[in-house]
Amino acid sequence: MKKIEFYKYQGTGNDFVVVDNREKSLDRNDRSIAQNLCDRKFGVGSDGLILIENHSEYDFEMVFFNPDGSQSMCGNGSRCAVKFAQFLGIIQNETTFLSTDGVHEASIEGDIVRLSMHDVDQSRMQDFSDHLTINTGSPHYVLFTSNLKDKDIKEEGSAIRYSKEFAAEGINVNFVEKQSESEISVRTYERGVENETLSCGTGVTACAIAHVMHGGKSPVKIETLGGSLSVEFKLTEGKAENVYLTGPAKKVFKGEIEL
Ligand SMILES: N[C@H](CCC[C@H](N)C(=O)O)C(=O)O
């Protein structure tokens, strides 16, 4: 058994166990560590595990795990990782780091982190009119709805996520309610968490792009159960470029656990 120091961070209510793994105290290839640490009854409890590791070319590498041990790009987790890297003194207020889907830049002002997301071209999105599928570093199903607050997200989201088309790879399912041309509300069922989360960064990014594709205007303000986020980008000939996800990321507490 070894004692592991960890920190708990949250980005608009999407919460993460974050570990400074520059000394490689945890094995990044052992997915059971995430399954144990993220368990809300037998572990610390979170929507994911983030390891911060050294990298020869970039300020750091962030390794992200869903609670089921699967890996993906995580927008809110990336914003928390950037704040943690600043807390560790690895960076000041700007950074270029490596994540699951490649290189990202970010800047920090107080608790607000502005994160670059990858371009989304036609190869990463499909518009089926009643819904869209958009990959913003992780795969998202986006459907426009009304009376968002009354929906059973876990029931409706899991039905789509486990449907024949998506059962193998999984997909995150986002329900969007339009408030104005530049504001939407979003609730998300997350693959790998297999439940609704209070917000999903790659999810709100996908929803903002879908909203603008259907007549909305960037920047888009997104209200989630966990707080407000903003997504800005240029949509030219069906390609979203210069995509940024902006919102708060905060340290909650420090802890120690024996693994
Ligand atoms: N559950 C997602 C990864 C985390 C995404 C979410 N927490 C975010 O902020 O982007 C997936 O497996 O695709």
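Note that these values count all heavy atoms, side chains included, but never hydrogens, waters or copies made by symmetry.
The shortest non-hydrogen separation linking S78 to L115 is CB-CD2, 3.7 Å. When all heavy atoms of S199 and G11 are compared, the pair lying nearest together is OG-O, 3.5 Å. Considering every non-hydrogen atom in both D119 and E241, the closest pair reads OD1-CA, 3.4 Å. A pairwise comparison of heavy atoms in C80 and F16 identifies SG-CD1, 3.9 Å as the closest pair. Shown here for A106 and V113, the closest heavy-atom pair between the two residues is CB-CG1, 4.2 Å. Between K221 and S228, the shortest heavy-atom distance links the atoms CE-OG, 3.8 Å.
With contacts defined as side-chain heavy-atom distances shorter than 4.5 Å, the pair E105/E94 does not qualify. Residues L198 and Q10 have side chains not in contact (no heavy-atom distance under 4.5 Å, counting atoms from C-beta outward). At least one side-chain heavy atom of K8 sits less than 4.5 Å from a side-chain heavy atom of V17. Between P139 and N172, the closest side-chain pair of non-hydrogen atoms falls below 4.5 Å. Contact annotation: the side chain of L229 never approaches that of V186 to less than 4.5 Å [non-hydrogen atoms, C-beta and beyond].
At least one donor-acceptor pair closer than 3.5 Å links the side chain of E194 to the backbone N or O of G192. E196 places no side-chain N or O within donor-acceptor distance of the main-chain N or O of Y189, the cut-off being under 3.5 Å. Remark: the backbone N or O of T96 is paired with a side-chain donor or acceptor of D59 at under 3.5 angstrom. Between the side chain of E256 and the main chain of I4, no donor-acceptor pair closer than 3.5 Å is present. R161 contributes a side-chain N or O that, together with a main-chain N or O of A167, makes up a donor-acceptor pair within less than 3.5 Å. When atom types are taken as modelled, the side chain of N66 and the backbone of D68 share no donor-acceptor pair closer than 3.5 angstrom. When atom types are taken as modelled, the side chain of N174 and the backbone of V176 share no donor-acceptor pair closer than 3.5 angstrom. Not one N or O on the side chain of Q122 forms a donor-acceptor pair closer than 3.5 Å with the backbone of R124. Between the T145 side chain and the L148 main chain, no donor and acceptor come within less than 3.5 Å of each other. In this structure, R79 contributes its side chain and P248 its backbone to a donor-acceptor pair below 3.5 Å.
With hydrophobic clusters built from ILVMFWY side chains whose heavy atoms lie under 4.5 angstrom apart, V82 does not share a cluster with L49. Criterion: ILVMFWY side-chain heavy atoms under 4.5 Å apart, direct or through other members. Under it, I108 and V231 are part of a common hydrophobic cluster. Under the 4.5 Å side-chain heavy-atom criterion for grouping Ile, Leu, Val, Met, Phe, Trp and Tyr, F233 is connected to V142 within one hydrophobic cluster. A chain of hydrophobic side-chain contacts below 4.5 Å, direct or via other Ile, Leu, Val, Met, Phe, Trp or Tyr residues, connects V19 to V252. If you chain together hydrophobic residues whose side chains sit under 4.5 Å apart, V204 and L132 fall into the same group.
Taking NZ of K3 as the reference point, atom CG of L259 lies at 12.5 Å (rounded to 0.5 Å). The CZ atom of F65 sits 10.5 Å away from the CG atom of L37 when rounded to the nearest 0.5 Å. Atom CG in D27 sits 9.0 Å away from atom CG in N21 (nearest 0.5 Å). Note: Q126 CD to S129 OG = 12.0 Å, rounded to the nearest 0.5 Å. Atoms OG and CZ, from S99 and F60 in turn, are 8.5 Å apart once rounded to the nearest 0.5 Å. In this structure, the separation between CZ on F97 and NE2 on H104 is 6.0 Å, given to the nearest 0.5 Å.
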Given E177 and K151, is the salt bridge (Lys or Arg N to Asp or Glu O under 4.0 Å) satisfied, shown in steps? CA-CA 11 Å; E177 187 164 359; K151 294 187 100 47; over 6 Å; no
Please assess K178 against H214 for the test side-chain contact (heavy atoms from CB on, under 4.5 Å), listing each intermediate value before the final yes or no. CA-CA 10 Å; K178 179 179 171 181; H214 283 208; over 6 Å; no
Checking K250 against D15 for the salt bridge (Lys or Arg N to Asp or Glu O under 4.0 Å) test, could you report, in this order, the C-alpha distance in whole Å, the side-chain angles of both residues, the deciding distance, and whether it holds? CA-CA 10 Å; K250 293 182 182 161; D15 65 331; over 6 Å; no
Under the criterion side-chain contact (heavy atoms from CB on, under 4.5 Å), I'd like the reasoning laid out for E156 against V173: C-alpha separation, chi angles, the key distance, then a yes or no. CA-CA 9 Å; E156 294 192 41; V173 185; over 6 Å; no
K251 and V18: side-chain contact (heavy atoms from CB on, under 4.5 Å), yes or no, with the steps? CA-CA 10 Å; K251 176 164 16 90; V18 191; over 6 Å; no
Chi angles and distances behind the side-chain contact (heavy atoms from CB on, under 4.5 Å) call for E232, R114: CA-CA 10 Å; E232 61 185 294; R114 184 171 187 262; 3.3 Å; yes
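Enclosure of atom CD in E258 by more than 12 non-hydrogen atoms of other residues, nucleotides or ligands within 6.0 angstrom is indicated. Within a 6.0 Å sphere centred on CZ of F42, other residues, nucleotides and ligands contribute 12 heavy atoms or fewer.
Note: F253 and F6 have perpendicular aromatic rings, judged against thresholds of 30 and 60 degrees for the angle between ring planes. Below 30°, between 30° and 60°, or above 60°: for F84 and F87 the angle between ring planes is below 30°, a parallel geometry.
Partner of Y141 under the ring pair (Phe, Tyr, Trp, His ring centres under 6.0 Å) criterion, out of F175, F166, F128: F166 alone. Each of E190, H118, M117 was compared with T202 under the side chain to side chain contact (heavy atoms under 4.5 Å, CB included) criterion, and only M117 meets it.
Using a 3.5 Å distance cut-off with no hydrogens or angles, the side chains of Q179 and S185 do pair a donor with an acceptor. A donor-acceptor pair shorter than 3.5 Å cannot be found between the side chains of H131 and T133. Side-chain polar atoms of D47 and T197 form no donor-acceptor pair below 3.5 angstrom. Between the side chains of T205 and T136, no donor N or O sits under 3.5 Å from an acceptor N or O.
Both the sub-6.0 Å distance and the 45° axial angle are not jointly satisfied by K83 relative to the ring of Y9.
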